[in-house]
Amino acid sequence: QVQLVESGGGLVQAGGSLRLSCEASGRTFSSSAMGWFRQAPGKERVFVAGVNRSGVTTLYANSVKGRFTIARDSAKNTVYLQMNSLKPEDTAVYYCAARDGIVRLDDKYDYWGQGTQVTVSS
C-alpha cells in the first residue's frame, strides 16, 4: 500500500508560479513511477507530467511543456511539480499518482493522492 499526500496548491495570479509536493509513504518510493494529473471542473482528469523511477525520464502534456517541471527526491520520498507562467486554464485539482513499472500518460496508476486545488486568476 502507498499513501500519497499532496501540498502546495493555492491561489495565484496569471504569470505566477507554484510548486506542488507529493510525499509518499508505505513502500519503496524509488520503485515507483510517479505522475501528476489534473481535473478541471466539469472535465475529465488528464495527465500533466510523469517521471520514471530513476528520475531520468520525464514526460509532459503539450499544454504544460516548457512551463512545468517534474522532479523527484528519493531521500525525501517526494515528487515535485514546479509550475511557472501559470495561466487561468491551469486551474484544476492536481493529483499525484504512483505505479509500478514505467511512467504512463494514461491514468493506469495504482495509487492516488487526495488532490490539491490550484486556482489561477486572470
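When reading the values below, keep in mind they use all heavy atoms of this one structure, side chains included, and skip hydrogens, waters and symmetry mates. The first residue of the sequence shown is numbered 1, and numbering continues consecutively from there.
Glu44 approaches Gln39 most closely through the heavy-atom pair C-CG, 4.0 Å. The heavy-atom pair separating Pro88 from Ala14 by the smallest distance is CD-CB, 4.1 Å. Of all non-hydrogen atoms in Val5 and Gln114, the two that sit nearest each other are CA-OE1, 3.8 Å. The two residues Ser121 and Leu11 make their nearest non-hydrogen contact at CB-CD1, 4.4 Å. Contact detail for Tyr95 and Glu6: the closest heavy-atom pair is CA-OE2, 3.4 Å. For Ala92 against Ala40, the heavy-atom pair with the smallest separation is CB-N, 3.8 Å.
Taking CG from Leu81 and OG1 from Thr116, the interatomic distance works out to 11.0 Å, rounded to the nearest 0.5 Å. In this structure, Trp112 CH2 and Arg99 CZ are separated by 10.5 Å, a value rounded to the nearest 0.5 Å. Within the model, atoms CZ of Arg53 and OG of Ser30 stand 9.0 Å from one another, a figure rounded to the nearest 0.5 Å. Taken from OG1 in Thr57 to CD1 in Ile70, the straight-line distance is 11.5 Å, to the nearest 0.5 Å. The CD atom of Gln117 sits 12.0 Å away from the CZ atom of Arg38 when rounded to the nearest 0.5 Å. Expressed to the nearest 0.5 Å, how far OG1 of Thr78 lies from CG of Leu4 amounts to 10.5 Å.
In the hydrophobic cluster analysis, where Ile, Leu, Val, Met, Phe, Trp and Tyr join through side-chain heavy atoms closer than 4.5 angstrom, Val51 is grouped together with Val2. Transitive grouping of hydrophobic side chains (ILVMFWY, heavy atoms separated by less than 4.5 Å) keeps Val103 and Tyr111 in distinct clusters. Both Phe68 and Leu20 belong to a single network of hydrophobic side chains, linked directly or stepwise wherever heavy atoms of I, L, V, M, F, W or Y lie under 4.5 Å apart. Hydrophobic clustering keeps Val46 apart from Leu59 (ILVMFWY residues linked when any side-chain heavy atoms are closer than 4.5 Å, directly or through intermediates). Both Val64 and Val12 belong to a common hydrophobic cluster when Ile, Leu, Val, Met, Phe, Trp and Tyr are linked at side-chain heavy-atom distances under 4.5 angstrom.
Taking the side chain as every heavy atom from C-beta outward, Val118 and Met83 approach each other to under 4.5 Å.
When the options Trp36, Phe37, Tyr94 are evaluated for a ring pair (Phe, Tyr, Trp, His ring centres under 6.0 Å) with Phe47, the one that passes is Phe37.
The main-chain N or O of Ser85 is found under 3.5 Å from a side-chain atom of Arg67 such that the two form a donor-acceptor pair. Arg45 places no side-chain N or O within 3.5 Å of a backbone atom of Val93 that could act as its donor or acceptor partner.
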